[in-house]
Student: 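One structure is given below, represented as C-alpha cells, and several questions about it will come after.
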Amino acid sequence: MKNFNNGFFPSMLFLLICLVYSGLANDPFSHSHSLKTESEDREAKISVTKLSLKQFSKKEWKLKQDQLIEKIRKNKVRFEVTYNNKTAVKDAVISLKQTKPFFLLGCAMNFRILQSEGYRKWFASRFAITSFTNEMKWYTTEKVRGQENYTAADSMLKFAEENDILVRGHTVLWDDPKMQPSWVENIKDPEDVRNVTLNRINSVMKRYKGKLTGWDVVNENLHWDYFEKMLGVNASSRFYNLAYKLDPDVTLFVNEYNTIENPGEVTATPVKVKDKMEEILAYQGNENIKGAIGAQGHFSPIQPNLAYMRSALDTLGSLGLPVWITELDMPKCPNQAKYIEEILREVYSHPAVEGIIIFAGPEVSGFDKLTLADKDFNITETGDVIDKLLKEWHQKTSDIPNIFMVDHENEEEDVSLLHGLYNVNVSHPQIKNFSTSLRLEVTKEMGPRQVVRVVINA
Ligand SMILES: *[C@@H]1O[C@H](CO)[C@@H](O)[C@H](O)[C@H]1NC(C)=O
Ligand SMILES: *[C@@H]1O[C@H](CO)[C@@H](O)[C@H](O)[C@H]1NC(C)=O
Ligand SMILES: *[C@@H]1O[C@H](CO)[C@@H](O)[C@H](O)[C@H]1NC(C)=O
Ligand SMILES: *[C@@H]1O[C@H](CO)[C@@H](O)[C@H](O)[C@H]1NC(C)=O
Ligand SMILES: *[C@@H]1O[C@H](CO)[C@@H](O)[C@H](O)[C@H]1NC(C)=O
Ligand SMILES: *[C@@H]1O[C@H](CO)[C@@H](O)[C@H](O)[C@H]1NC(C)=O
Ligand SMILES: *[C@@H]1O[C@H](CO)[C@@H](O)[C@H](O)[C@H]1NC(C)=O
C-alpha cells in the first residue's frame, strides 16, 4: 500500500460494474392490470372506481405504493473492494453522496421571481426543474403584432441557468381560441394566421433551442381546435413536425387537463390523449420525434380517485413514452395537504412517470391554490408536504450505512439506492493514504441489482 496517496490514482484503480439481473417475477402489484380496462373499453371507468373501494384499504394501497417505489425508483447496489488477487480489502469504507436525483419534483414559476429575492432563494434551495406559467406564451411575448418581447422569459431562464434549474418550455402554441394574442383572434384570413403562427414557432423555438428539456407544442389540442379550424385537420401534426425540425433533440409534449384528475372527463380521456400522441407521431416525418405526454393535473378539492389515476397513467404509459405531471395543483380545502401528498405518492409510484411539476409557490408568487410558504416565507402545511417529499425522493447521505464490510456472501450488504448520480469515496481507517473517489450512475436500465467492484491494483 505504500504507493497510495491522498487523491485519485486512475492507474491503480478500475471500476467494474456487473449487472446481476434477478427478475422480479412475483410482482406484488400485477393485479393492477385488471384496472387497465380503459384501453379496451372506454365506458369501463365506473367499474374501476368501484374496484378500488372494494379491493384495497388505504393501508394496503400505501404498502403497494411503497413496494412499487422500491422496485421502480431504486436499485440494489453491492460494493466490493478487493485487491487484484481478489482478496477483500478488509474494513474499506465507502461513502456516497447523491449529486443528482433522476426523478424530478419541480415547481412552476412566474415573473414575480424577478422582483423578489426571497422567492428566488426559496425556489433555488428546493427545485431542480421548472416551467414558466405565462412568460413564454405567445400572448405574452408578442402582445402587439410584430413587436416581440422576450425580456421576462429570458431573465427567468437566466435565473434558472445560474441555479442549475432545468426548464420545461410552456407553450409554443395553445389550441384554445381565447388564448391567442388578441390581435391574432381578430385575423380572419387563414393564410395570415398561418403566416403569423409559423413566425411564432420559428421565433420562440430558435430562441430557446438547446436550452429546454421539453416543449408543449400545441397545448390542449384535444379540448380545443383553433388551429385545426383555421388551418386544417392536420395542423397540430404539422406544427409538431416543424418544432421537431427546429429543435430535434428536445422532447415534444402533448399536454392536456382532466386526463388523470377527472374520472368524468369525456374529451381528453387517457385513451384519447394517447391516441393523439400516436396520431402526431404517425404523421409523415414525425416518426423520430422524442414524444412525451403531459397530464396537467388540476385536481378538484375532493378526495382524489387514486385507482382512476393509476389506470389513467397505465393507459398514458402504454406507448412507452415518458409521462409527466405538468401543472399539479388543487384549490384550497381542509384536506388539501393530505390529498396533495396522496396524489404525489401515487404518481411517484407509477413507472411511466418521469417527473412532476407543481403549480405552486410562496405567497409572493401569487399562486393562490397551492401556497407553500406565507408572506414571511414560513412554510405552510402543503409546503411541508413538498419539502418532505423532496427530501424523501433524494438519497440522503445519512441513509447509507457508512461502512460496508466486504463479504461476498452477505446479501445484507446490498444497499438500496434511488436512481441518480453519486459521488463515491473509498477509504480506509487505518491506511491513511488509501483513498479514491469515483462517480456512479444508478439507473433503471442497469436492472434491479448491480455490483460495483473497486479493484485495488496494489
Ligand atoms: C503515505 O504517503 C506518504 C507520502 O505522501 C509516505 O511517506 C508514506 O510512506 C505513505 N504511507 C503508506 C502506509 O503508504
Ligand atoms: C492479496 O493481496 C494483498 C495485498 O497485496 C495481500 O495482503 C493478500 O495477502 C493477498 N491475498 C492472497 C490470498 O494472496
Ligand atoms: C469525498 O472526499 C472528498 C475529499 O476529501 C470530500 O470533499 C467529499 O465530500 C467526499 N464525498 C463523499 C461522498 O464522502
Ligand atoms: C418588455 O417586457 C418587459 C418585461 O415584461 C417590460 O418591462 C418592457 O417594458 C417591455 N418592453 C417593451 C418595449 O414593451
Ligand atoms: C404569407 O406569407 C407569404 C410568404 O411570405 C406571402 O407571400 C403572403 O402574402 C402572406 N400572406 C398574407 C395573407 O399575408
Ligand atoms: C391528414 O393526415 C393524414 C395522415 O397522415 C392523411 O391521411 C390525411 O390525408 C391528411 N388530411 C389532410 C386534409 O391533409
Ligand atoms: C415566521 O417566521 C419568522 C422568522 O422567520 C418568525 O419570527 C415568525 O414568528 C413566523 N411566523 C409564524 C406565523 O410562524
Side-chain angles (χ1 to χ4, degrees), residues 4-9 13 15 77 79 81 92-101 109-116 132-159 181-183 190 194 203-204 207 218 221 225 227-242 244 275-289 291 366 394-404 415 417-418 420-429 431-442 452 454:
F4 274 74
N5 232 321
N6 290 326
F8 185 56
F9 283 89
L13 171 124
L15 173 66
V77 181
F79 289 90
V81 185
V93 176
I94 297 164
S95 59
L96 301 94
K97 188 175 188 317
Q98 191 187 42
T99 52
K100 188 179 164 212
M109 62 164 78
N110 62 33
F111 70 95
R112 291 192 179 89
I113 204 158
L114 302 172
Q115 304 157 353
S116 165
F132 309 160
T133 42
N134 296 323
E135 289 74 9
M136 284 187 176
K137 286 174 184 164
W138 194 6
Y139 66 57
T140 304
T141 63
E142 197 178 354
K143 284 196 176 91
V144 178
R145 181 170 183 161
Q147 293 179 24
E148 291 180 334
N149 185 347
Y150 287 100
T151 310
D154 285 354
S155 306
M156 286 162 71
L157 185 62
K158 183 163 173 281
F159 162 75
S182 52
W183 58 270
R194 184 176 164 275
S203 168
V204 76
R207 187 173 198 89
V218 186
N221 58 357
D225 58 359
F227 292 104
E228 283 72 16
K229 277 202 173 120
M230 278 290 180
L231 307 171
V233 289
N234 291 331
S236 284
S237 294
R238 292 207 306 271
F239 291 147
Y240 279 80
N241 184 259
L242 179 55
Y244 168 67
D275 288 351
K276 174 61 84 176
M277 184 84 249
E278 273 187 306
E279 175 195 318
I280 288 166
L281 295 176
Y283 191 77
Q284 191 182 15
N286 287 359
E287 46 285 330
N288 294 325
I289 285 179
H394 283 58
Q395 187 71 50
K396 287 179 287 286
T397 307
S398 58
D399 263 352
I400 302 166
N402 220 24
I403 301 179
F404 304 107
V415 57
L417 295 179
L418 285 164
L421 279 181
Y422 289 84
N423 281 341
V424 181
N425 286 355
V426 184
S427 63
H428 196 286
I431 313 167
K432 296 292 173 223
N433 296 6
F434 171 79
S435 158
T436 193
S437 350
L438 50 105
R439 278 160 65 76
L440 174 68
E441 206 182 33
V442 180
V452 178
V454 181

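As the structure is a prediction and not an experimental result, all values here were calculated from the model. Both ligands and their constituent atoms are indexed starting at 1 by order of listing. The basis for the numbers below is simple: all heavy atoms, side chains too, and nothing from hydrogens, waters or symmetry mates.
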Student: Above 12 or not: heavy atoms from other molecules or residues under 6.0 Å from CD of Gln115?
Tutor: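 Atom CD in Gln115 is packed in, count exceeds 12.
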
Student: With Glu228, which residues qualify under salt bridge (charged side-chain N to carboxylate O under 4.0 Å, His left out), at least two apart?
Tutor: none

Student: I'd like to check the side-chain hydrogen bond (donor to acceptor under 3.5 Å, both in side chains) partners of Glu135; sequence neighbours left out, ordered by chain and number.
Tutor: none

Student: Give me the residue, atom name and distance of the protein heavy atom closest to atom 2 (O) of ligand 4.
Tutor: Asn149 ND2, 2.3 Å

Student: What residue and atom, counting heavy atoms only, is the protein's closest point to atom 13 (C) of ligand 6, and at what distance?
Tutor: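 In this structure, atom 13 (C) of ligand 6 has Val233 CG2, 3.8 Å as its nearest protein heavy atom.
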
Student: Heavy-atom distance from atom 9 (O) of ligand 4 to the protein below 4.0 Å?
Tutor: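 For atom 9 (O) of ligand 4 the answer is no, since every protein heavy atom stays at 4.0 Å or beyond.
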
Student: Count the heavy atoms belonging to other residues, nucleotides or ligands that lie under 6.0 Å from CZ of Arg112, then report whether that count exceeds 12.
Tutor: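 More than 12 within 6.0 Å, yes.
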
Student: Looking at Asn425, which atoms of ligand 3 are within less than 4.0 Å of one of its heavy atoms?
Tutor: 1 (C), 2 (O), 3 (C), 8 (C), 10 (C), 11 (N), 12 (C), 14 (O)

Student: Distance only, no hydrogens: is a donor on one side chain within 3.5 Å (strictly under) of an acceptor on the other, for Asn425 and Ser427?
Tutor: no

Student: Name the closest protein heavy atom to atom 4 (C) of ligand 4, giving the residue it belongs to and the distance to 0.1 Å.
Tutor: Thr151 CB, 4.1 Å

Student: What do we get for Leu96 next to ligand 3 when only non-hydrogen atoms under 4.0 Å count, side chain, backbone, both or neither?
Tutor: backbone

Student: Report, in ascending order of atom number, the atoms of ligand 6 lying under 4.0 Å from any heavy atom of Asn234.
Tutor: 1 (C), 2 (O), 3 (C), 8 (C), 10 (C), 11 (N), 12 (C), 14 (O)

Student: Report the C-alpha separation of Asn134 and Phe111 in whole Å, then their side-chain angles, then the decisive distance to 0.1 Å, and conclude whether the side-chain contact (heavy atoms from CB on, under 4.5 Å) test is met.
Tutor: CA-CA 9 Å; Asn134 296 323; Phe111 70 95; over 6 Å; no

Student: Check Asn423 against ligand 3 and report side chain, backbone, both or neither, counting heavy atoms closer than 4.0 Å.
Tutor: backbone

Student: Hey, do the aromatic rings of Phe227 and Phe239 have their centres closer than 6.0 Å?
Tutor: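 Under 6.0 Å, so yes.
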
Student: Out of all atoms in ligand 6, which are within 4.0 Å of some heavy atom of Tyr283? Include the element for each.
Tutor: 2 (O), 5 (O)

Student: Can Ser236 and Tyr283 be said to form a side-chain hydrogen bond (donor to acceptor under 3.5 Å, both in side chains), step by step?
Tutor: CA-CA 10 Å; Ser236 284; Tyr283 191 77; over 6 Å; no

Student: Suppose we measure from atom 5 (O) of ligand 4 to each protein heavy atom; which comes out shortest, and what is that distance?
Tutor: Ala152 CB, 4.2 Å

Student: Relative to the heavy atoms of Lys97, which atoms of ligand 3 are at a distance of less than 4.0 Å?
Tutor: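 The list of qualifying atoms is 13 (C).
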
